[in-house]
Amino acid sequence: MYNTMIKGLCKVSNNVIAIALLRLMDERGCKPDVVTYNTVIDSLCKDKMIDDAFNLFKEMVFQKGISPSVISYSSLIDGLCKLGGRWDEASKMLQEMLDDGISPDVLTFNILVDAYCKEGKVKEAEDVINIMMLKRGILPDLVTYSSLIDGCCLRGEMSKAISVFDSMSFRGIFPGVVTYSSLLNGYCKSLKIEEAMNLFHEVTRKGLKPDECTCGIILEGLCNNHKIEEALTLFHLMGDSKLSYNIVVYNILKDGASKCGKLDIATVLFQDLTNKGYLKNKHYDDVEMLLEKMDEIGYSLDVSTLSLLIDSIAAGSLDTAMSTLISKLVPDELIDSPSYSA
DNA sequence: CTAGGGTTAG
């Protein structure tokens, strides 16, 4: 009961209340166990509050006499690695864990592999994987391979990334969107846009649904290769409603259009973006008030705003009252225009 | 049985 509540609080980073609840359950005679402590320790580590995490760890071990588990150590090691690579302290914790007779598992090793890869130390990451396999008999999994691929891509070593990708597939591990995302990012940054596009189409053919960030990577790649038209076509083909409200994607396209000298396109995109700000934040009341005001003063909607609102009505995100109001504001010259007649 | 992993784009 308490553990479930603490887990919920930690999920929304409400560490202060989570700790207060841990104290309360202790007072009420319901003793916090290693799961309770690990939940809060991990949450503190994720929020970069490493000192508080260590204090709680010490309290658990020395005051309560609860033995830490592989999860307690892994959380602390991950926190130290992500906090600007505090390697000395991280390896000290790793040693302490081994001295304690606790074996690292694949998640512990992945923390180390990922930390090395993020620093571009692919060789060191491979050493960790070899130790894991040969000395511990643990096989790398999807996350291990994905981190390694990402590390290679960050260094622009694409042929190496592909060979890791191939050996992963050979082992029967299916790549995830994150894996492809790293490769796409690597190709785009190496200005190998053809390879990136081929891979992107392969991902789509496989029926994998790239997330907003992956779409952003490929769109930016196209923009940086002076292919703004292709980027815009792809953006519309993606036809994802979440994507069309993504401010980062808009900025990528807007900046791309500017760089390619297509200032007219950039202006339209900027206008679209300012209009969508309203709708994304569900400030429907503000939009409605604005539309009413426009109606009062006899103002007509411009084409881009109108098409945005029509799309919203079609998507069912605007109610009937709004639709009626909008229809009153459609300028006469557009009433019989074929593009808006449906 | 409960607690831990890769989040990549402007």
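Not measured: the values here are computed from a predicted model. Chain A is the first sequence line, chain B the second, and so forth, proteins listed ahead of strands; every chain is numbered from 1.
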* Do S147(A) and D150(A) have a side chain donor and acceptor closer than 3.5 Å? -> no

* Within residues 72-81 of chain A, residues whose heavy atoms come under 4.0 Å of DNA chain B -> S74(A)

* Asked: Near DNA chain B, under 4.0 Å by heavy atom, which residues of residues 208-234 of chain A?
  -> D211(A), E212(A), C213(A), G216(A), I217(A), E220(A)

* D105(A) CG to dA3(B) C1': how many Å, rounded? -> 12 Å

* To do: For K11(A), look at atom NZ and say whether over 12 heavy atoms of other residues, nucleotides or ligands are found less than 6.0 Å away.
  => no

* Would N130(A) and E126(A) count as having a side-chain donor-acceptor pair, cut-off 3.5 Å? -> no

* Using a heavy-atom cut-off of under 4.0 Å over every strand shown, decide if T108(A) touches base, sugar-phosphate, or nothing. => base

* To do: Examine the base of dA9(B) for any acceptor or donor lying under 3.5 Å from a partner atom in the side chain of N246(A), and report the outcome as yes or no.
  => yes

* To do: Going by the side chain to side chain contact (heavy atoms under 4.5 Å, CB included) test, name the single residue among N3(A), I17(A), T36(A) that passes it with L22(A).
  => T36(A)

* Strand contacts (DNA chain B) in residues 120-131 of chain A, 4.0 angstrom heavy-atom criterion -> none

* When you get a sec, tell me which of dG10(B), dG4(B), dT8(B) is the closest nucleotide to the side chain of S181(A)? => dT8(B)

* Going by distance alone, is a donor N or O of one side chain under 3.5 Å from an acceptor N or O of the other, for Y116(A) and D127(A)? -> no

* Are E89(A) and R86(A) ion-paired here, with the side-chain N under 4.0 Å from a carboxylate O? -> yes

* Using distance alone, with no hydrogens and no angle criterion, decide if T214(A) and D211(A) have a side-chain donor and acceptor under 3.5 Å apart. => yes

* Could you tell me whether K7(A) contacts a base, only the sugar-phosphate backbone, or nothing, with contacts defined as non-hydrogen atoms closer than 4.0 Å? => sugar-phosphate

* Indicate the atoms forming the closest heavy-atom contact of S146(A) with T179(A), along with that distance. => OG-OG1, 3.0 Å

* Considering all heavy atoms, the nearest P68(A)-I102(A) contact -> O-CD1, 3.2 Å

* Nearest-Å distance for atom pair CZ/P, residues F235(A) and dA9(B) -> 19 Å

* Structure fact -> Interatomic distance, CG@D33(A) vs CG@N38(A), rounded to 0.5 Å, equals 9.0 Å

* Under a 4.0 Å heavy-atom cut-off, which of residues 27-45 of chain A touch DNA chain B? -> V35(A), N38(A), T39(A), D42(A)

* In whole angstroms, how far is the P atom of dA3(B) from the CD1 atom of I66(A)? -> 16 Å

* Asked: To the side chain of K118(A), which of dT7(B), dT8(B), dG4(B) is closest?
  -> dT7(B)

* Carboxylate-amine/guanidinium contact K46(A) D42(A), below 4.0 Å -> yes

* Asked: Under 4.5 Å between any side-chain heavy atoms of K209(A) and V177(A), yes or no?
  -> no

* Asked: Taking atom C1' of dT8(B) as reference, at what distance in whole Å does atom CE of M158(A) sit?
  -> 13 Å

* Structure fact -> Here the distance between atom P of dT8(B) and atom OH of Y187(A), to the nearest Å, is 21 Å

* Under a 4.5 Å cut-off applied to non-hydrogen side-chain atoms, are N251(A) and I247(A) in contact? -> yes

* Give me the one residue out of T233(A), I218(A), T204(A) that meets side chain to side chain contact (heavy atoms under 4.5 Å, CB included) with M238(A). => I218(A)

* To do: Check side-chain hydrogen bond (donor to acceptor under 3.5 Å, both in side chains) between D105(A) and all other residues, then give those that pass, not counting sequence neighbours.
  => T108(A)

* Can you check ring pair (Phe, Tyr, Trp, His ring centres under 6.0 Å) on Y180(A) and Y187(A), steps first, answer last? -> CA-CA 11 Å; Y180(A) 283 115; Y187(A) 278 135; over 10 Å; no

* Asked: So does E96(A) pair up with K92(A), basic N to acidic O under 4.0 Å?
  -> no

* For K82(A) and dT7(B), give me the distance from atom NZ to atom C1', rounded to whole Å. => 10 Å

* Asked: Do any of residues 160-179 of chain A sit with a heavy atom less than 4.0 Å from DNA chain B, and if so which?
  -> V178(A), T179(A)

* Asked: To the nearest angstrom, how far is D150(A) atom CG from dA9(B) atom C1'?
  -> 13 Å

* To do: Starting at atom NZ of K46(A), determine the distance to atom P of dG4(B), rounded to an integer number of angstrom.
  => 7 Å

